[in-house]
**Student:** 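If you scroll down you'll find the structure; I have some questions about it.
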Amino acid sequence: MNYKGEKLSITIVGTGYVGLTTGVALAYLGHHIFCVDSKAEVVESLKKGVPTIYEHGIESLLHEASPNLSFYNHLDESLPEADIVIIAVGTPSKSNGDTDLSYVEDVARAIGRKMNPEKPIVVVNKSTVPIGTASRVKTVIKEELKKRGTEGNYYVASNPEFLREGAALYDTFYPDRIVVGAEELHAVNMLRQMYAPILEQTFIPPKDISRPEGFGLPAFVTTSPTSAELIKYASNAFLAMKISFINEISIIADKVGADIREVSKGIGLDRRIGSGFLKAGVGWGGSCFPKDTRSLLFTGKQYGVDMPMVSASIEVNRRQRMAVIEKLQATLKIIRGSVIGILGLAFKPNTDDIRESPAIDIIKELLDMGASVKVYDPVAMENYRAQFPEQDLIYTDSVEETARESDALVLLTEWESFLHVAWDKLVYEMRNSIFIDGRNFLDGEDMRIWGYNYVGIGC
Ligand code: UGA
């Protein structure tokens, strides 16, 4: 295996995108990893080597790292051995924008109840948590230990993740930076040891996740726990704001006849701005940007701080969804009674995740307006059907079937496979050849030559 130093025993609680990816990667690097999930069926599946998330490269790495990996339903089995416990459980939004920390607190309570008070342990918050959670976790553990008549020997650190779904393993192995917020040097040193192969890039890259050419060493940023917590929210809010900014500019680009892709390139080449997250489209979704921007606003409110930039990013994102509907109205004129084909349900490609996906709002609006809606997504259809069983949609097996007899196609997720469709032939199968490209993904010039009434976002 890859790790030359002392191997650590690490317990990871929660096997969602963050927990499982982190566990599999650290096991691959040579640590002893114990993954815990309260769902029996998830643990059973992982024990058999079948991943419970859709993530590029996870299945083969799960197999390769299996000698260092074990899965449990409870924390009890691995806790007495653990050097580090990583909390990677869900932190859902409450309806008022606050964050539900009950799962995090449950884990902290269990740690306080079951840890070996003699053995030093570092408890790491990896879930995205509101400011002050490191301190809350510390208190909860302390209270439980007090009930046992002991003080224990534990440290709490905040170590936010910056993983993109679909590229989570890549981002774990090749991060720009690793942020560790801790008050004690011991916690910092333990996490430095845990991440040593990544910080020094001494591991042999996994088969499907090769090291990018010219990749330098990641920065190791140590901060207070509170700064680390804020870094996570500020990073996501900034990225969301960048997308909303370019989307706002795309509306002006449409009006004046500029091409937003050229504009993005032209501004992104300025190193102070950077070219990432400047793709205009139907806006951001997923489990992170919407939840984290709401949570940041909520924190602002609690401290009496207005956050107009964050609010505006959310508002622009909401409006952007409706831009697709407006474009349909402008081309098709009457939506009631028309057949609209939706290509892509996932909030982005390479994931089956539909959380806060633009498709959800757009489909709902189209149904409310009286359209018949056909849908196709290479992997997210089951998730969509399970979440919206009441919606009267036509689920199809292919892009071709979606296009047949449709009045318009609307591309909402930039799946690679959509590039390989015989668009030149498909145009003849449609009733009306309107194509709204909500991600500016296909070649508009070609599409127009082939006879589509092709409309992009800001181009
Ligand atoms: C995001 C961040 O990128 C990660 O760094 C972070 O760790 C993660 O949230 C998290 O907090 O856990 P993720 O939500 O997986 O990752 O997805 P992104 O790739 O960031 O995309 C988010 C949304 O923005 C998608 O709907 C995507 O289509 C949209 N997007 C992205 C654009 O519309 N334009 C762009 O230029 C880039």
Side-chain angles (χ1 to χ4, degrees), residues 14 16-22 53-56 88-93 99 125-130 159-172 174-179 228-229 231-250 260-261 263-265 267-268 273-296 313-314 316-318 320-321 323-324 344-362 380 411-415 437-441 456-458:
Y17 287 94
V18 175
L20 188 61
T21 305
T22 307
I53 57 168
Y54 183 89
E55 190 60 51
H56 172 72
V89 293
T91 49
S93 274
T99 306
N125 271 341
K126 210 174 229 321
S127 305
T128 301
V129 287
N159 171 220
E161 51 77 22
F162 304 103
L163 317 176
R164 293 161 302 165
E165 276 179 34
L169 282 168
Y170 177 92
D171 288 345
T172 304
Y174 312 113
D176 292 333
R177 76 310 204 182
I178 290 175
V179 174
E229 287 165 350
I231 285 171
K232 169 67 195 203
Y233 282 108
S235 297
N236 274 359
F238 189 86
L239 293 170
M241 189 173 70
K242 235 181 143 183
I243 302 167
S244 282
F245 175 80
I246 202 67
N247 281 338
E248 185 169 300
I249 299 292
S250 78
I260 196 66
R261 293 162 303 181
V263 177
S264 290
K265 188 170 174 204
I267 63 176
I273 297 172
S275 58
F277 284 66
L278 281 181
K279 272 198 234 129
V282 282
W284 37 273
S287 63
C288 308
F289 289 175
K291 177 164 83 79
D292 293 355
T293 44
R294 281 196 298 266
S295 181
L296 192 54
S313 306
I314 296 172
V316 168
N317 198 49
R318 194 198 55 74
Q320 197 65 12
R321 305 271 203 269
V324 168
L345 298 170
F347 82 96
K348 66 172 189 177
N350 306 320
T351 176
D352 63 352
D353 198 339
I354 59 157
R355 282 176 286 180
E356 310 226 18
S357 174
I360 295 174
D361 295 328
I362 291 166
L411 188 152
L412 296 179
T413 319
E414 61 275 43
W415 283 102
D437 189 345
R439 298 287 181 180
N440 294 339
F441 189 52
I457 304 283

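Along the sequence shown, residues carry numbers from 1. Whatever order the structure lists ligands and atoms in, that order sets their numbers, starting from 1.
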**Student:** Verify, without hydrogens or angle tests, whether E248 (side chain) and V316 (backbone) share a donor-acceptor contact under 3.5 angstrom.
**Tutor:**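 Checking the backbone N and O of V316 against the side chain of E248, no donor-acceptor pair under 3.5 Å is found.
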**Student:** Return the residue, atom name and 0.1 Å-rounded distance of the protein heavy atom closest to atom 37 (C) of ligand 1.
**Tutor:** F277 CD2, 3.5 Å
**Student:** So, the side chain of E161 versus the backbone of S127: is there a donor-acceptor pair under 3.5 Å, distance only?
**Tutor:** no
**Student:** So is there a nitrogen or oxygen of N236 less than 3.5 Å from a nitrogen or oxygen in ligand 1?
**Tutor:**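 Yes, there is a polar N/O contact under 3.5 Å.
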**Student:** Regarding atom 7 (O) of ligand 1: of the candidates L163, I457, D176, which has the closest heavy atom?
**Tutor:**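 Going through L163, I457, D176 one by one, L163 has the nearest heavy atom to atom 7 (O) of ligand 1.
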**Student:** Between Q320 and G281, is there a donor-acceptor pair closer than 3.5 Å when you use the side chain of the first and the backbone of the second?
**Tutor:** yes
**Student:** Counting both backbone and side chain atoms, is some N or O of E161 under 3.5 Å from an N or O of ligand 1?
**Tutor:**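 Yes: some nitrogen or oxygen of E161 is under 3.5 Å from one in ligand 1.
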**Student:** Would you mind finding which of K279, K348, K126, R355 brings a heavy atom closest to atom 19 (O) of ligand 1?
**Tutor:**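 Result: the heavy atom closest to atom 19 (O) of ligand 1 is in K348.
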**Student:** Please write down residue, atom name and distance for the protein heavy atom closest to atom 23 (C) of ligand 1.
**Tutor:** W284 CB, 3.7 Å
**Student:** Under a plain distance cut-off of 3.5 Å, with no hydrogens placed, do T91 and T99 share a side-chain donor-acceptor pair?
**Tutor:** no
**Student:** For ligand 1, which is the ligand I care about here, please tell me if F347 has any N or O atom under 3.5 Å from one of the ligand's N or O atoms.
**Tutor:**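 So ligand 1 has an N or O lying under 3.5 Å from an N or O of F347.
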**Student:** Is any NZ, NE, NH1 or NH2 atom of the basic residue among K348 and E414 found under 4.0 Å from an Asp or Glu carboxylate oxygen of the other?
**Tutor:**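 Salt bridge between K348 and E414, a charged N being under 4.0 Å from a carboxylate O: no.
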**Student:** Could you check whether any side-chain heavy atom of I314 comes within less than 4.5 Å of a side-chain heavy atom of W284, counting everything from C-beta outward?
**Tutor:** yes
**Student:** Counting non-hydrogen protein atoms only, what is the nearest one to atom 22 (C) of ligand 1? Give residue, atom name and distance.
**Tutor:** F289 CE1, 3.6 Å
**Student:** Quick one: does S244's side chain have a donor or acceptor within less than 3.5 Å of a partner on M241's backbone?
**Tutor:**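 Looks like no, no N/O pair under 3.5 Å.
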**Student:** Under 4.5 Å between any side-chain heavy atoms of F289 and L239, yes or no?
**Tutor:**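 In contact.
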**Student:** Using a 4.0 Å cut-off to any heavy atom of E165, which atoms of ligand 1 qualify?
**Tutor:**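 Answer, ordered by atom number: 15 (O).
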**Student:** Without swapping roles, check the side chain of K126 against the backbone of T22 for a donor-acceptor pair under 3.5 Å.
**Tutor:**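 No, because the side chain of K126 does not come within donor-acceptor range (under 3.5 Å) of the backbone of T22.
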**Student:** Looking at ligand 1, does any of its N/O atoms fall within less than 3.5 Å of an N/O of G285?
**Tutor:** yes
**Student:** Check whether any heavy atom of G286 sits under 4.0 Å from an atom of ligand 1.
**Tutor:**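 Judged by the 4.0 Å heavy-atom criterion, G286 does not count as contacting ligand 1.
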**Student:** By number and element, which atoms of ligand 1 are closer than 4.0 Å to a non-hydrogen atom of R439?
**Tutor:**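 Close to R439: 28 (O), 33 (O).
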**Student:** So, regarding F162 and ligand 1 (criterion: nitrogen or oxygen to nitrogen or oxygen, under 3.5 Å), is there a contact or not?
**Tutor:**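 Among all N and O atoms of F162, at least one is under 3.5 Å from an N or O of ligand 1.
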**Student:** Does any N/O atom on E414 come nearer than 3.5 Å to any N/O atom on ligand 1?
**Tutor:**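 No; every N/O pair is 3.5 Å or more apart.
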**Student:** Tell me whether T21 contacts the main-chain N or O of V18 through its side chain, where contact means a donor paired with an acceptor under 3.5 Å.
**Tutor:**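 Side chain of T21 to backbone of V18: no pair is present.
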**Student:** Judged by atom type as modelled, is there a donor-acceptor pair below 3.5 Å linking the side chain of N440 to the main-chain atoms of G456?
**Tutor:**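 Between the backbone of G456 and the side chain of N440 there is no qualifying donor-acceptor contact (under 3.5 Å).
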**Student:** Identify, by atom number and element, the atoms of ligand 1 in contact range of L278, meaning under 4.0 Å from any of its heavy atoms.
**Tutor:** 36 (O)
**Student:** Does an N or O anywhere in I243 fall below 3.5 Å from an N or O of ligand 1?
**Tutor:**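 No - when backbone and side-chain N and O of I243 are compared with those of ligand 1, no distance drops under 3.5 Å.
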**Student:** Which protein non-hydrogen atom lies closest to atom 10 (C) of ligand 1, naming both residue and atom, and how far is it?
**Tutor:** C288 SG, 2.8 Å
**Student:** I'd like to check which ligand 1 atoms, numbered from 1 as shown, lie under 4.0 Å from a non-hydrogen atom of K232.
**Tutor:**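 Within the 4.0 Å cut-off of K232, ligand 1 contributes 6 (C), 7 (O), 10 (C), 11 (O), 12 (O).
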**Student:** Say whether R164, considering both its backbone and side-chain N or O atoms, lies within less than 3.5 Å of an N or O atom on ligand 1.
**Tutor:**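 No.
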**Student:** Just by distance, do the side chain of R355 and the backbone of G286 share a donor-acceptor pair under 3.5 Å?
**Tutor:**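 No.
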